[in-house]
Engineer: 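Before anything else, here's the structure in question.
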Amino acid sequence: MTTANPKGNDALRISDHKPLITYAGDKELFENLKLVLSQSLSQEPIEWRRQYGRPMKMVTLSTDFVPFNKDTVAEQISSRNLVGRPIMHTFWTQCLDMEVYKSLLRDEIDKWMNEMNKHNIIDWVIVVVETYDLRKHNKLLPRTTVFDKIKSDFAEKKADRCLSVINPPKSEVRCGSSAWRALITNVRLLILSAFDRLFLKYEDNIRNYREQRNDPSWSFCKYFLYQEELAFALEMLGIHDEALVQYDELDAMFTQFILNSQVGNVPQWLTEFQVVLEWWSAVLFMENISRKQREAIKIRKLSLLEFRCYLFSRQASLLMAASKPWIVAERALIFLHQAVSDLKTLEIECPQGSVACWVLQCCAQILVICQSVKKPEHLEECSHHTAPLLYYSLKKLYELGDLCGLLPGNIQTTEQLHTVQVLCGGMQSGHDLTTATESVATLKTALSSSETFSKHYLDIAELAISTYKHNKLMRCAHSLVGLELAKFYTLSGDTTKRTMFLVKALKLFEQDNWKLLIVQTNLELVKCFKKIGNVDQFVKTCLQLASSSACNLQIRQDHFDQMLSMIQDSNIECIYPMDDVIVLDQIDVKCNNEESNYPSTVSLKFKSNLPKTVVCPKISISVVIGSALKKMKNKLNLVKNTYSYDINKGNILPMTYNHNYQQDGHFASTGITCLNQKSYLRRQDSQRRKPSMNYNKNEFHDIISANNVEIQPGMNIIDLTLNNSKNIESGIYFLDKLSIILQPRLELLTSIPYGLMFALKNVNSTAQLILSDNKCLFAGIEELSTLSLQFGTKSKKIVEKIRLHSTPGLTFCLEDKTEFCSEMYMKSPLSMNSSHSVSLPIKLFAQLPPLKDHPRIVHHKLWVKCETSSDDEEMICVSIDFNLPLTVTHRLHTCHYRKFVGINIACHTDWSLALKIPEIICVSPTNSVVELTSMNTTCDQLTAEDACSGLEETFLFGVSEKW
């Protein structure tokens, strides 16, 4: 520990002083008892209960005994010094002969008591040492002893002032120990009682003098020395905390006088501190008190900084004596700021850089004191307060380097060299005190050249950062010291290190949402990224500045233009989170048609913080399937047609009322409580890195999107179309991420709050025949109907050709065609989507099946095949059922030599049929051999009722041979 030690007669060491007690009477007797008495008094502490409710203290009394001198008593009493002043007077005698007492001892005691009464001394005690030879037990003790006579003559009303004791060296221990202990206890109590009366009287004098402070002749320096004597006396008794209180009161009083000088008249004594600062040496720790320095205070020849240093040195010495070094470090920063503030308040003229030199010396000495602490727990406490000191000294060192031209990149001028010489010369003390040479030498070396200055600056910065980190104060390490280092590396030209410290500080500012600090740091980072050629970070930082509400509009527009220019000049694709650029406010998923399998639009309401209107090439939303539709059949009824989510609601803390009641049921208090507060109040420092958001652009299918959207500054509402998408399976889909492409190579991404979803059910293309009046189709009859094609949700291509083909036995033709066929191509470009349909008029003819099978219904299929330009084909199958209207059976009959053909016809339809002109046509070669002749007269109508009743229509034809 580096300290200043006044030497010779100049030194005043309080620890070497002890309470003084005078002795008179039998000096030879007292010299024999002096050592034993002194050791016994300091053997154990005693409880000191002071008046006026002051706290009880345990005091160990170590006393010094001096002979009584009547010539110096008056001077000692009139003096204001409490140290070196006798606190109590004693008279010692071992006379046991009554005659000797009456003839000699009583007159001697009487003269001594006259001196006590003359000077109004009430703290005195007479001790009679009695020596008896117990082996002569046959000798009777006298009825009245000398001790009793002394008590009646001099201490009749103050019996506690007259004490007796058996001489321990000449008596047995068991006989003298109790009386000796009683003597020691009584002396201790009398000493403390004397101190109590002395302090009360002294404090009254101090109080009376303080009340005269409005007197023009009143002087704080005189008052300071007056009250400091009380602190010396308390320190002499080992009551360091009470002594510290005296200095704290003086410090507060001096500060208050300086503050009052701003609004009122400046006292005469205070103007004596307003002299030009000539010396700026700092001596904060002195083992011995300098008498010359106290004399300088008395004659008012001490500068403000020297007085502040002296006051703080006394406080620090008491704290170190009380084993509280961490409080020294805690008070140090307040002391430095207060001293600098006093210089400004009193408008004291100081050479440039002198205050910075003084602060650096003080910080260096305090750091040395803290580093010399040996106990680990005390060292840990000190480290909590040394980090701010290091940061403060770092700022003052930078200020000093700027003044003296020692910063990197600067060249010292002649004037700056002269400034360095003046500053170094002012670090010598003006009162012949040995200064803290180590701190002065270190500072002078740092000011000698730019290289040593930079090394010293970086050493302090490294120590400050490591101390902050050791105390787990990461914010202070990066946001305070880090920014100072970034400013230093700006001058040295090391852009990489400058960027590193700025980025660390920016992360902390973003966590705490310090908007103005974020803007200031980003303005510095933009220059760094541009200089090192980091296009990605440059664009990102410009985007943050352009969207910051805490930034000037002109600056926002300038950085937005720089960002667009950089993107056009480079080929880098930039993908960033939206953060504060685009702030989502509300999202609505809507379905206009409840029967529709696909929602119609997604409405976005958001706020754009960009300074200009931007036309975005594309805005899209990616989706994530929740589960397959067939597994969610029982839950599909829970899916609503419209979903809405208010983003701002997510920022509201879940608060609830908390009412407290007394045991008797009466209301006691109320308050609010945050539900799940741990999730909101969890520590941020333990999360070393904020998780980055990595997005895959392939996730953004062309499902929900809008093209060429104009975004204006402020609130915007846009609708995104939910387009049909091919090869997307059915299920419940959740909105996942939002993508906004500001420029062709600039994309913003963000996650959408969980819970927004819609149901998707893919429907294949279908075809059906539409018949009028629910008419059924009959085989063997040309039927006219309409073929309707309904395209499904997966279709979105342009159809170039449609192919129709059927099963054997079924032929068809379009309405404008006359030829029936089983396969046909139709060229007609159609735009196919989920809401488009095509109707084709068509004629169908199904052949009758063989009669031996007796079928009632004939099944046929018609395939519709859509062919596109991309070779994608979609096959649609239409099942067609034809009813068999009639059942025809025939039989050959013989009558004699003639042959007849009998035809039986039965109806199998609900529709009425009329049979007219029955005819049998013979095919070759039968038609050239025989001839059929109708034997029928009329043809009745055959109905379904007849068929149900079992009636049949019979026709008869005769067979004759052609000649």
Side-chain angles (χ1 to χ4, degrees), residues 2 277 279-284 303-306 308-309 312 328-345 348-370 385-408 410 412 416 419-427 435-436 438-450 452-468 476-477 479-492:
T2 305
L277 190 64
W279 311 100
W280 40 89
S281 59
V283 182
L284 298 185
S303 67
L304 178 67
L305 291 184
E306 289 174 326
R308 279 291 187 185
C309 284
F312 183 79
V328 178
E330 180 182 357
R331 292 184 171 203
L333 192 61
I334 302 174
F335 154 69
L336 294 175
H337 284 300
Q338 186 62 54
V340 174
S341 176
D342 292 345
L343 291 173
K344 296 179 180 179
T345 303
I348 297 176
E349 184 179 349
C350 305
Q352 284 189 334
S354 58
V355 178
C357 289
W358 180 80
V359 169
L360 289 171
Q361 293 178 75
C362 293
C363 291
Q365 295 180 47
I366 295 169
L367 291 174
V368 171
I369 292 297
C370 294
H385 307 289
T386 54
L389 281 174
L390 288 166
Y391 172 66
Y392 188 52
S393 61
L394 190 70
K395 295 184 66 176
K396 288 299 179 181
L397 188 61
Y398 185 92
E399 175 187 336
L400 202 58
D402 187 22
L403 175 66
C404 299
L406 297 173
L407 293 177
N410 294 344
Q412 277 187 313
Q416 290 173 336
T419 302
V420 173
Q421 294 178 355
V422 172
L423 292 177
C424 293
M427 294 182 203
T435 59
E438 185 177 349
S439 61
V440 174
T442 303
L443 184 55
K444 287 183 177 181
T445 303
L447 297 177
S448 60
S449 65
S450 179
T452 56
F453 177 84
S454 298
K455 182 179 181 302
H456 186 59
Y457 184 89
L458 294 177
D459 289 343
I460 295 179
E462 182 181 359
L463 184 59
I465 285 184
S466 60
T467 307
Y468 274 126
C476 296
S479 61
L480 296 179
V481 185
L483 290 180
E484 292 294 327
L485 281 174
K487 183 167 61 173
F488 181 81
Y489 283 120
T490 302
L491 301 176
S492 63

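These numbers come from a predicted model, not from an experiment. Numbers here are sequence positions counted from 1.
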Engineer: Checking Phe335 now: which residues fulfil ring pair (Phe, Tyr, Trp, His ring centres under 6.0 Å) with it, not counting sequence neighbours?
Structural biologist: Phe312, Trp358
Engineer: Taking C-beta and beyond as the side chain, do Tyr392 and His337 meet within less than 4.5 Å on heavy atoms?
Structural biologist: yes
Engineer: Just do the side-chain contact (heavy atoms from CB on, under 4.5 Å) check on Lys344 and Val340 with the steps written out, would you?
Structural biologist: CA-CA 7 Å; Lys344 296 179 180 179; Val340 174; 4.2 Å; yes
Engineer: Against Gln352, only a single residue in Leu403, Leu423, Thr419 fulfils side chain to side chain contact (heavy atoms under 4.5 Å, CB included); can you say which?
Structural biologist: Leu403
Engineer: Are more than 12 heavy atoms from other residues, nucleotides or ligands located less than 6.0 Å from atom CD of Glu462?
Structural biologist: no
Engineer: Are Leu333 and His385 close enough that some pair of their side-chain heavy atoms sits under 4.5 Å apart?
Structural biologist: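 When only atoms from C-beta onward are counted, His385 and Leu333 do not touch, as no gap falls below 4.5 Å.
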Engineer: How close do Ala339 and Arg308 get, heavy atom to heavy atom, and via which atoms?
Structural biologist: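 Result for this residue pair: CB-CG, 4.4 Å.
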Engineer: Do Pro408 and Tyr489 come within less than 4.5 Å of each other through their side chains, counting heavy atoms only?
Structural biologist: no
Engineer: Could you report the tightest heavy-atom contact between Ala464 and Tyr391, atom names first, then the distance?
Structural biologist: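 The answer is CB-N, 4.4 Å.
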Engineer: Output yes when a side-chain donor or acceptor of Glu399 lies under 3.5 Å from a complementary backbone atom of Gly353, and no otherwise.
Structural biologist: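 Not confirmed, Glu399 side chain does not pair with Gly353 backbone.
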Engineer: Hey, what do you get for CG (Leu407) to OG (Ser492), rounding to the nearest 0.5 Å?
Structural biologist: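 The distance works out to 10.0 Å.
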Engineer: Working to the nearest 0.5 Å, report the span between CG of Leu343 and CD of Gln338.
Structural biologist: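 The CD atom of Gln338 is 10.5 Å from CG of Leu343, to the nearest 0.5 Å.
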Engineer: So which atom in Val420 and which in Leu447 form the shortest heavy-atom distance, rounded to 0.1 Å?
Structural biologist: CG1-O, 3.7 Å
Engineer: Please tell me if the side chains of Thr442 and His456 come closer than 4.5 Å, counting only heavy atoms from C-beta onward.
Structural biologist: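 Counting from C-beta outward, Thr442 and His456 do come under 4.5 Å.
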Engineer: If I take atom CD from residue Gln365 and atom CG from residue Leu360, how far apart are they, to the nearest 0.5 angstrom?
Structural biologist: 11.5 Å
Engineer: Looking at every non-hydrogen atom in both residues, tell me the closest pair between Leu463 and Leu390 and how far apart they are.
Structural biologist: CG-CD1, 3.6 Å
Engineer: Check side-chain hydrogen bond (donor to acceptor under 3.5 Å, both in side chains) between Asp459 and all other residues, then give those that pass, not counting sequence neighbours.
Structural biologist: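 Listed in chain order: Lys455.
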Engineer: Is any side-chain heavy atom of Leu485 closer than 4.5 Å to one of Ile465?
Structural biologist: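 Yes - at least one pair of side-chain heavy atoms lies under 4.5 Å apart.
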Engineer: What is the minimum heavy-atom distance between Gly405 and Asn410, and which atoms define it?
Structural biologist: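 Taking Gly405 first and Asn410 second, the nearest heavy atoms are O-CB, 3.7 Å.
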Engineer: What closest approach, in Å, do Leu406 and Ala446 show between heavy atoms, and which atom pair accounts for it?
Structural biologist: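 Between these two residues, the closest heavy atoms are CD1-O, 4.0 Å.
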Engineer: Ser449 vs Thr452, test: side chain to side chain donor-acceptor pair (under 3.5 Å). Steps then yes/no.
Structural biologist: CA-CA 6 Å; Ser449 65; Thr452 56; 2.9 Å; yes
Engineer: Between Leu443 and Cys357, is there a side-chain heavy-atom distance shorter than 4.5 Å?
Structural biologist: yes
Engineer: Using atom types as modelled and distance alone, determine if a side-chain donor or acceptor of Thr490 lies under 3.5 Å from a backbone N or O of Ala486.
Structural biologist: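 Here the side-chain-to-backbone pair exists.
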Engineer: Can any side-chain N or O of Glu306 pair as donor or acceptor with the backbone N or O of Ala282 at less than 3.5 Å?
Structural biologist: no
Engineer: Among residues at least two apart in sequence or on other chains, which ones pass ring pair (Phe, Tyr, Trp, His ring centres under 6.0 Å) with Tyr457?
Structural biologist: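 Partners of Tyr457 by the ring pair (Phe, Tyr, Trp, His ring centres under 6.0 Å) criterion, ordered by chain and then number, come out as Phe488.
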Engineer: Drop me the distance from Glu484's CD to Ile460's CD1, to the nearest 0.5 angstrom.
Structural biologist: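 Taking CD in Glu484 and CD1 in Ile460, the distance rounds to 12.0 Å.
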Engineer: To the nearest 0.5 Å, tell me how far Glu330 CD sits from Cys370 SG.
Structural biologist: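 Result: 11.0 Å between the selected atoms.
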Engineer: With the side chain counted from C-beta on, respond yes when Leu305 and Trp279 share a heavy-atom pair under 4.5 Å apart, and no when they do not.
Structural biologist: no
Engineer: Any side-chain heavy atom of Leu336 sitting closer than 4.5 Å to one from Cys363?
Structural biologist: yes
Engineer: Hey, mind stepping through Ser281 and Val440 against side-chain contact (heavy atoms from CB on, under 4.5 Å) and telling me if it holds?
Structural biologist: CA-CA 8 Å; Ser281 59; Val440 174; 5.9 Å; no
Engineer: Decide yes or no on side-chain contact (heavy atoms from CB on, under 4.5 Å) for Glu349 and Leu277, but give the supporting numbers first.
Structural biologist: CA-CA 6 Å; Glu349 184 179 349; Leu277 190 64; over 6 Å; no
